[in-house]
Each structure stands twice: as C-alpha cells, then as structure tokens.
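Working notes, beginning with the structure itself.
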Amino acid sequence: MTQDLIILGAPGAGKGTLAVDLCPALGIKHISTGDLLREVIASGSPLGQEIDGYVKSGALVPDDLIGRMIKDTLAADACRQGILLDGFPRTIPQAELLEKILADLGRPISAVFYLSVELDRVIRRLVNRVSCQQCGRPYHLINLPPRQAGICDVCGGVLRQREDDKEETIRKRFATFLEKTQPLIDFYQNKNLLVEVQASDDPQVALNFVLKYLAR
Ligand code: AMP
C-alpha cells in the first residue's frame with residue numbers, strides 16, 4: 001500500500017533523524033524541502049541567492065516558490081511508492097496546496113506524525129548538530145557522534161554544521177514555527193490525521209513508535 005506521510009515539528013524536533021531511518025524501513029521517498037532548498041542555494045544561481053536570504057534569517061521561503069518546487073518533486077517517478085514529507089507543509093496555504101496535489105494524484109495523506117519539543121532542547125540539539133554533506137544523515141556531537149570525527153559513518157562523506165544552526169537564527173526559526181507552522185497541528189487534528197509521537201532524546205524511541213503505529 002502507498003504510504004504518504006508527513007512529519008511535523010519545530011526545527012530540531014528530530015524530523016530528519018526520524019526520516020533517514022523510517023524511509024528505508026518503509027521503502028518510501030524522503031522529501032525534505034530544506035535539503036531541496038540547500039541544493040538550489042549551493043548552485044549559486046540568482047534564485048539560490050534569493051532563497052539564501054530567507055534561510056539565513058530564519059524566515060520561511062515564500063509559499064508560491066515552495067509550491068512550485070513541491071509540485072515538480074511529487075510528480076516524479078521516485079515518489080510513486082510513497083513519500084515522507086519533512087519540513088513541508090509549514091503553513092496553512094502549503095497544507096491546502098498539498099491536499100490539492102495529492103487529491104489530483106488520488107493519494108490521500110495516511111498520517112501526520114507530530115514531534116513536540118521545547119526551545120531549550122532545540123538549542124541544545126541544533127548547536128551540536130552536524131550532517132553529512134553527501135547523504136544528509138544528521139549527527140549530534142554529544143548524543144550521537146560519528147565514529148570518526150568529521151566523517152559520516154554510513155557513506156564516508158564530510159560532516160558540516162548548517163549556517164542557520166546558530167543560536168540567534170535557531171531562536172528566530174523557532175518563533176517562525178510557533179507563528180506559521182503550529183496552526184497545522186489543529187488543521188490535521190481536525191482531519192483525524194495527527195499522531196503525536198512520544199518525545200525522547202533517543203531517536204530509536206520515535207522510530208519504534210512510528211513503525212508500531214503504522215503496523216497496527
Ligand atoms: P529545514 O532544513 O527543514 O530546517 O529548513 C531550513 C530552512 O529552509 C527553513 O528555516 C526555511 O527558511 C526554509 N524552508 C524549508 N522548508 C520550507 C517550507 N516548507 N516553506 C518555507 N520555507 C522552508
């Protein structure tokens with residue numbers, strides 16, 4: 001059965017960490033709009049430079065731009081077996097657009113997993129976060145360090161800290177979450193799609209919870 005899933009949560013809630021283990025387990029495609037945007041930024045194009053301005057300041061990239069990007073991505077063959085959306089939708093208009101795109105494809109959302117987290121914990125997690133430049137796997141320098149400093153355990157890629165993982169920008173991103181993204185909790189609760197995931201610093205706890213929920 002095709003599973004189209006969403007992970008919702010503030011920056012640093014553990015969305016990416018959950019996604020990198022959950023997607024191979026379910027055989028579905030991980031779509032992180034943050035990763036897609038960082039690819040455009042890395043291209044150095046005028047669009048990339050414009051996007052970089054929003055990301056660096058901790059603000060959201062405008063809905064129309066994200067909307068175009070996500071439409072193209074979801075139409076790709078690689079998404080046919082199911083998708084896990086990480087970092088999208090982040091606003092009510094994005095959620096409405098997603099509903100329309102998936103309805104046109106005849107694929108309803110199966111579940112929205114919500115990872116809740118407080119600001120203090122987010123700061124502790126993100127200032128110590130590094131991720132692989134090659135495969136995107138996230139690490140935490142204290143709680144989940146790589147076996148060899150600076151090198152990804154899985155693919156041998158170089159680990160790097162994100163430019164927007166600085167305390168001042170993290171605070172801004174968290175405030176943006178509260179203002180723009182938190183309303184999606186009610187939005188999906190009203191549709192009976194919201195599943196609150198047990199909070200824990202151990203990524204395995206969230207993974208087991210979600211797998212158990214999906215197998216029920
Ligand atoms: P993330 O990797 O999900 O933490 O996203 C990093 C940054 O990319 C965010 O702080 C936003 O500036 C931008 N971004 C990612 N996804 C979206 C989205 N769905 N809508 C608007 N901006 C986004």
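Reckoned from all heavy atoms, side chains included, excluding hydrogens, waters and symmetry mates. Just so you know, ligand 1 is whichever comes first in the structure, and atom 1 is the first atom listed for that ligand. Predicted, not measured: the structure shown is a model, and the values here were computed from it.
- Note: an N/O pair closer than 3.5 Å links R38 and ligand 1 by distance alone.
- Using a 4.0 angstrom heavy-atom cutoff, K15 does not count as in contact with ligand 1.
- The distance criterion of under 3.5 Å between nitrogen or oxygen atoms is not met by L60 with respect to ligand 1.
- Closest heavy-atom approach to atom 16 (N) of ligand 1 among the candidates T181, T33, D165: T33.
- Of all protein heavy atoms, the one closest to atom 14 (N) of ligand 1 is L37 CD1, 3.3 Å.
- Screening R124, K56, R129 for a salt bridge (Lys or Arg N to Asp or Glu O under 4.0 Å) with D165, the sole residue that qualifies is R129.
- Of the listed options G16, G87, S32, A59, A59 places a heavy atom closest to atom 12 (O) of ligand 1.
- Between T33 and I70, some side-chain heavy-atom pair lies under the 4.5 Å cut-off.
- Nearest protein heavy-atom contact of atom 22 (N) of ligand 1 is V61 N, 3.1 Å.
- Remark: D153 engages no residue in a side-chain hydrogen bond (donor to acceptor under 3.5 Å, both in side chains) (not counting sequence neighbours).
- For atom 17 (C) of ligand 1, the choice among R90, R173, Q94 with the nearest heavy atom turns out to be R90.
- Residue contact annotation: G58 has no non-hydrogen atom under 4.0 Å from ligand 1.
- In V55, the parts holding a heavy atom less than 4.0 Å from any atom of ligand 1 are both the side chain and the backbone.
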